[in-house]
A.B. asks: 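Structure below; questions to follow.
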Protein chains: 2
Amino acid sequence: MKQQPVTLKDIAAKLGVSVATVSRALRGYPDIRPETKEAVLELAEEMRYRPNPLAMNLRKNQSNIIGLMIPEVVHHFFSSIIEGVMEIAEEQGYTVMICQSNEDFERERRDVGMLLSARVDGLLISHANSTTDFAHLQEYLDLGIPIVMYDKVTDDLDVSKVVVDDYQGSFQATEHLIVQGCTRIAHIRGPQGVKNAEERLEGYKDALLKHHLPVDEELIKNTYRVDLAEGATATSELLSLPHPPDGIYAVTDLVALGVMQTLRESGISVPNQMAVIGFSNWFVSSVVDPPLSTVHQPGTEIGKTATTMLINEIRLGQADQSVVHETRVLNTRLVVRDSSKRKRG
Amino acid sequence: MKQQPVTLKDIAAKLGVSVATVSRALRGYPDIRPETKEAVLELAEEMRYRPNPLAMNLRKNQSNIIGLMIPEVVHHFFSSIIEGVMEIAEEQGYTVMICQSNEDFERERRDVGMLLSARVDGLLISHANSTTDFAHLQEYLDLGIPIVMYDKVTDDLDVSKVVVDDYQGSFQATEHLIVQGCTRIAHIRGPQGVKNAEERLEGYKDALLKHHLPVDEELIKNTYRVDLAEGATATSELLSLPHPPDGIYAVTDLVALGVMQTLRESGISVPNQMAVIGFSNWFVSSVVDPPLSTVHQPGTEIGKTATTMLINEIRLGQADQSVVHETRVLNTRLVVRDSSKRKRG
DNA sequence: GTGAAAGCGCTAACAT
DNA sequence: ATGTTAGCGCTTTCAC
C-alpha cells in the first residue's frame, strides 16, 4: 500500500550500474561518461527521485536546520522576524525549527536543549526577559555551534548580535514629544535588567537632559509583563499624580494602547491634553483612533540580517575558517501619527 | 577546536562494552544487568550524551517532522494557529517545519515539494486562495504521507479536515445586525471559489431570508486580496449607492477595519448610522474605536486539533493500521462589541 | 570512467 | 546478559 521513496539503489539497479555512479552523476561529478550521466538524470527525473536529507546529513554530520527561539509567535514584531528568518533560510537551503519561550526562562532552557538534541546547525535567539544565566547557550559555543542573538541580547556572550538602535529610537521619540510642546513627559519602561529596556530609558533621559527638562522619577513607571493592563495601570497612577504629565512615552505599542484606552475612559483628549507615543510599530498602531505615533523596528530586516549572519558563520565553521563576531545595529524610524501631533501654536 | 558530539561508541569504548549494550541500556531494554545499565546511564549523563536524531530517523525511515503550509505568518489568525500546532507537536516529540505560501499557488507547490524532500512525516495545509489543482498534495497521499487540511479545505481530496463553522458564524453575524435593527445589510465577501468565503456568503443570505429581507446583489461586494484597501473601496461604492446600506458585514476583520476607516472619513457614525461587524476576532479588533464586533475563530484550537489528528494518522500509518478520515467543525463565537451595538428603542 | 567497500550513528535480529 | 552483524541512504576514498 504505502510505496517506499525511490533511492539511489533503485536507480542503480534499473540501470545496471553501481550506486556510486548514480551518486556521482547526480551531483555533477566530473569523471563520468556523458551518456551515463544523462541516463541517470533522466531516470531519476522519471522515477521522481528525491535525495534523502537524513542520510545526506548523517553522512556530513550536519542537519541544515536552524533553531529559532522566539519569545512569542503571536506578536506582530516577532512574527515579522520569523518571516525574515524563513525567507533567508529557505533561500539558502536551510529549514527553520521554531520554539516559543513565552518569556519563561525554564522553558527557554528546555527548548534550547531540545534544539541542541535536534542537532541544529546554528541558533537564533532573543532571550526571555527573565534570563540572566547563559550557560545553556554557552554549551552551543563549546560545541562549535554558532549563535546569533537578536532583539534581546546580552554582553555576557561572545556572539554576533543584531539589534535595533533602541537608544536612538527612544531619544527621537522623546525629543519628538518635547518638540510638540510637552514639558512633563512620563515613560512607562520595560523590565529592569533587560538591555533594550535600559537603553530606551537612557535615550528618554538623555533627550530630556538635552532639552533641559528634569528627569522626574515619579514619571517613570515600571512594567513586568509589558502588556495592555500594565499600560492602563501606569496611566491611572500617572493621572492621579499631583502634577500629572502632558505626554507619555511607552516602551512598546501594546503598553501605549493600554495608555490610550485609559485616557479615553478618563475623558482625556489625545494628543492635545496628553501626547502619546509607543515603540515597535505594530500593525494595530496604524488603525487605532487616533493613530498611534511610534518608533518603527524593522522586524523582517532583523530576521533577515540575523539569519544571513548565522548561515555565514555556519559555513565558515564547516570550512574550518575563523569567524569574527560582530554586532549589527539597525536604525529605527520615527513614525509620527495623530496621537502625538499637536496643533501648531 | 570544535568538539564532536558524544556517540554511543564513545560511551561503549570508555566502559569496555559493545555499542549494542549501551543502546539497550539507554532505551530501558529488559535483558540487561542492573549494574551495567546504571554505569551506562551515569556515564551518558556525565558525558552529556544526546542521541543523534538523524541516525535514529534514518534507521526508522521517518523524520519526526511535521510540515506546515500557512498562507501568511504575520497575521493574527494564522500565527495563533502556528502556536497551537507547535504546542501539540512539541508535546508529542515532533518538530514543525513552516512554509509560507503568501497565497501564491506556484509558491505553494514549490514549498509543498520542498517539504516532501525534507521527508516530513505529515502535512498540515491551508491552501492558497488561488489553488484549484491538488496534484501536489495527491503525491503525498500516494506515498502514504497523511495530510490534514485546516481553514481552507477542498472537497477534492480525501483527507481529514479542520474547519470552523463559517456558515453558522456568518448566519449569526448577519442575524445579529438584523436584531440590532438593520434592514439593508451589505456583505463584503471573500474570493469566489474559496470554500469558507462561499459558506459565509450562504450564511449571510440565509439569515436575510429567514428574516424576510431581500438579498440585494447590489449590496454584495467582492474582494480579491482581502485587505484594508478593498474594504475601503467597497465602502465608498456602497455609500454612493442611491439607497445605501445601514449595516456592513465584512468577510474578515481586516476588511472591516478598512470599512470603519472610510466611514470615519465620511463622517458616518458607527454603529448608529452604520453597524459594522467583521469575522475572525483579531486582537486589533478589540482595541480600535469603536471596538469591532466580530466572529471569533478559535485559531489555537484549530492548530491543536489539526496537529493532534495528523500525528494520530502518522502513528496509525506507522503501525500499519487503517485510518478513517474525518472533518472536524469547530464552533465560532459571536463577539458583540460597540461597532454593532445599537441603542435600544 | 566505474565498482567495491567503508562509514556516518543507531537499532534489531541473530548468536553465544 | 552481552557481543556480532547487518543495514537504513548516502558520499567518498581506494582500487582497477
Side-chain angles (χ1 to χ4, degrees), chain A residues 2-41 43-44 47-65 93 116-121 143 318, chain B residues 2-41 43-44 47-65 93 116-121 143 318:
Chain A
K2 193 199 281 186
Q3 76 187 69
Q4 286 300 310
V6 181
T7 70
L8 287 189
K9 206 156 95 179
D10 300 332
I11 301 181
K14 278 217 175 168
L15 243 44
V17 298
S18 78
V19 186
T21 303
V22 179
S23 170
R24 281 190 275 244
L26 251 21
R27 21 212 59 259
Y29 200 84
D31 278 354
I32 187 117
R33 197 149 46 100
E35 304 92 87
T36 316
K37 181 169 176 177
E38 197 161 326
V40 169
L41 259 43
L43 187 58
M47 296 179 77
R48 318 207 92 239
Y49 168 74
R50 292 165 185 273
N52 185 331
L54 283 85
M56 264 165 87
N57 293 335
L58 174 61
R59 189 89 224 304
K60 301 208 202 113
N61 200 27
Q62 61 181 43
S63 64
N64 280 323
I65 299 174
L116 187 58
S117 291
R119 293 291 201 274
V120 295
D121 287 343
L143 286 164
Q318 285 168 350
Chain B
K2 192 199 285 188
Q3 75 187 69
Q4 286 299 310
V6 182
T7 69
L8 287 188
K9 205 157 96 178
D10 300 332
I11 301 180
K14 277 215 175 171
L15 243 43
V17 297
S18 78
V19 184
T21 304
V22 178
S23 170
R24 282 190 275 243
L26 253 20
R27 24 208 53 261
Y29 200 84
D31 279 352
I32 187 123
R33 193 150 48 101
E35 304 94 85
T36 315
K37 181 169 176 175
E38 197 161 326
V40 169
L41 258 43
L43 186 60
M47 295 178 76
R48 322 208 88 241
Y49 168 74
R50 291 165 185 274
N52 186 331
L54 283 86
M56 268 166 83
N57 292 335
L58 173 60
R59 188 101 221 309
K60 302 208 200 111
N61 200 26
Q62 61 180 45
S63 64
N64 280 321
I65 299 174
L116 187 59
S117 292
R119 293 293 202 272
V120 295
D121 288 344
L143 285 163
Q318 285 167 352

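All chains are named by letter (A, B, ...) in the order of the sequence lines, taking the proteins before the strands, and each is independently numbered beginning at 1.
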A.B. asks: Please determine whether a side-chain nitrogen or oxygen atom of A/Ser23 lies at a distance below 4.0 Å from atom OP1 or OP2 of D/dT11.
C.D. replies: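 So the side-chain polar atoms of A/Ser23 do come within 4.0 Å of the phosphate oxygens OP1 or OP2 of D/dT11, strictly under.
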
A.B. asks: Mind checking what makes side-chain hydrogen bond (donor to acceptor under 3.5 Å, both in side chains) contact with A/Ser63, not counting sequence neighbours?
C.D. replies: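 For A/Ser63, the residues satisfying side-chain hydrogen bond (donor to acceptor under 3.5 Å, both in side chains) (neighbours in sequence not counted) are A/Asp121.
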
A.B. asks: Go through the structure and list residues passing side-chain contact (heavy atoms from CB on, under 4.5 Å) with A/Val120, not counting sequence neighbours.
C.D. replies: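 side-chain contact (heavy atoms from CB on, under 4.5 Å) list for A/Val120, sorted by chain: A/Ile65, A/Leu115, A/Tyr140.
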
A.B. asks: Taking heavy atoms of chain A and a 4.0 Å limit, find me the 5'-most and 3'-most nucleotide of DNA chain C within that range.
C.D. replies: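 In short, chain A contacts DNA chain C from C/dG1 to C/dG9.
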
A.B. asks: Got a list of protein N/O to nucleotides 3-5 of chain D N/O distances below 3.5 Å?
C.D. replies:
unit_1 : atom_1 : unit_2  : atom_2 : d
D/dG3  : OP2    : B/Ser18 : N      : 2.7
D/dG3  : OP2    : B/Ser18 : OG     : 3.0
D/dG3  : OP2    : B/Thr21 : OG1    : 2.4
D/dG3  : N7     : B/Arg24 : NH2    : 2.7
D/dG3  : O6     : B/Arg24 : NH1    : 3.1
D/dG3  : O6     : B/Arg24 : NH2    : 3.2

A.B. asks: Working to the nearest 0.5 Å, report the span between OG1 of B/Thr36 and CG of B/Leu15.
C.D. replies: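 CG of B/Leu15 is found 8.5 Å from OG1 of B/Thr36.
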
A.B. asks: Between B/Pro30 and A/Tyr29, which is nearer to the 5' end of DNA chain D once each is assigned its nearest nucleotide?
C.D. replies: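 Result of the comparison: B/Pro30.
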
A.B. asks: Could you tell me which non-hydrogen atom of B/Lys37 sits nearest to which non-hydrogen atom of B/Ile32, and how far apart they are?
C.D. replies: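 Here B/Lys37 and B/Ile32 meet closest at CD-CG2, 4.1 Å.
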
A.B. asks: Going by the rule salt bridge (Lys or Arg N to Asp or Glu O under 4.0 Å), which residues pair with A/Arg59 if we only count those two or more places apart in sequence or in a different chain?
C.D. replies: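 So A/Arg59 forms no salt bridge (Lys or Arg N to Asp or Glu O under 4.0 Å) with any residue.
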
A.B. asks: What does the list of N/O pairs under 3.5 Å between the protein and nucleotides 7-9 of chain D look like, with a distance for each?
C.D. replies:
unit_1 : atom_1 : unit_2  : atom_2 : d
D/dG7  : N2     : B/Arg59 : NE     : 2.4
D/dG9  : N2     : A/Ala55 : O      : 3.4

A.B. asks: Given side chains that start at C-beta, do those of A/Arg50 and B/Arg119 come closer than 4.5 Å, heavy atoms only?
C.D. replies: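 Sidechains of B/Arg119 and A/Arg50: in contact.
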
A.B. asks: Ignoring hydrogens, what is the shortest heavy-atom contact between A/Gln62 and B/Leu54? Give both atom names and the distance.
C.D. replies: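 Taking every non-hydrogen atom into account, O-CD2, 3.4 Å.
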
A.B. asks: Check B/Ala55 against A/Leu58 and note the closest heavy-atom contact, atom names and distance.
C.D. replies: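 Taking every non-hydrogen atom into account, CB-CD1, 3.9 Å.
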
A.B. asks: Using side-chain contact (heavy atoms from CB on, under 4.5 Å) as the criterion, list what pairs up with B/Pro51, not counting sequence neighbours.
C.D. replies: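 Counting only residues at least two positions away or on another chain, B/Pro51 forms a side-chain contact (heavy atoms from CB on, under 4.5 Å) with B/Tyr49, B/Met56.
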
A.B. asks: Which heavy atom in A/Leu41 sits nearest to a heavy atom in A/Ala25, and how many Å separate them?
C.D. replies: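 Closest pair (atom of A/Leu41, atom of A/Ala25, distance): CD1-O, 3.8 Å.
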
A.B. asks: Kindly calculate the angle separating the two end axes of the helix from C/dG1-D/dC16 to C/dT16-D/dA1, each obtained from five base pairs, and round it to 10 degrees.
C.D. replies: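 Between the first-five-pair axis and the last-five-pair axis there is 50°.
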
A.B. asks: Could you tell me which residues satisfy side-chain hydrogen bond (donor to acceptor under 3.5 Å, both in side chains) with B/Glu38, sequence neighbours excluded, listed by chain and number?
C.D. replies: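 side-chain hydrogen bond (donor to acceptor under 3.5 Å, both in side chains) list for B/Glu38, sorted by chain: empty.
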
A.B. asks: Mind checking what makes side-chain contact (heavy atoms from CB on, under 4.5 Å) contact with A/Ala20, not counting sequence neighbours?
C.D. replies: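 Checked A/Ala20 against side-chain contact (heavy atoms from CB on, under 4.5 Å); matches are A/Ser18, A/Arg24.
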
A.B. asks: In whole angstroms, how far is the P atom of D/dA1 from the NZ atom of B/Lys37?
C.D. replies: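 Going from NZ in B/Lys37 over to P in D/dA1 covers 12 Å.
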
A.B. asks: Any pair with a residue in residues 7-22 of chain A that passes salt bridge (Lys or Arg N to Asp or Glu O under 4.0 Å), sequence neighbours left out, goes on the list, sorted by first then second residue, please.
C.D. replies: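 Sorted result for residues 7-22 of chain A: empty, none.
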
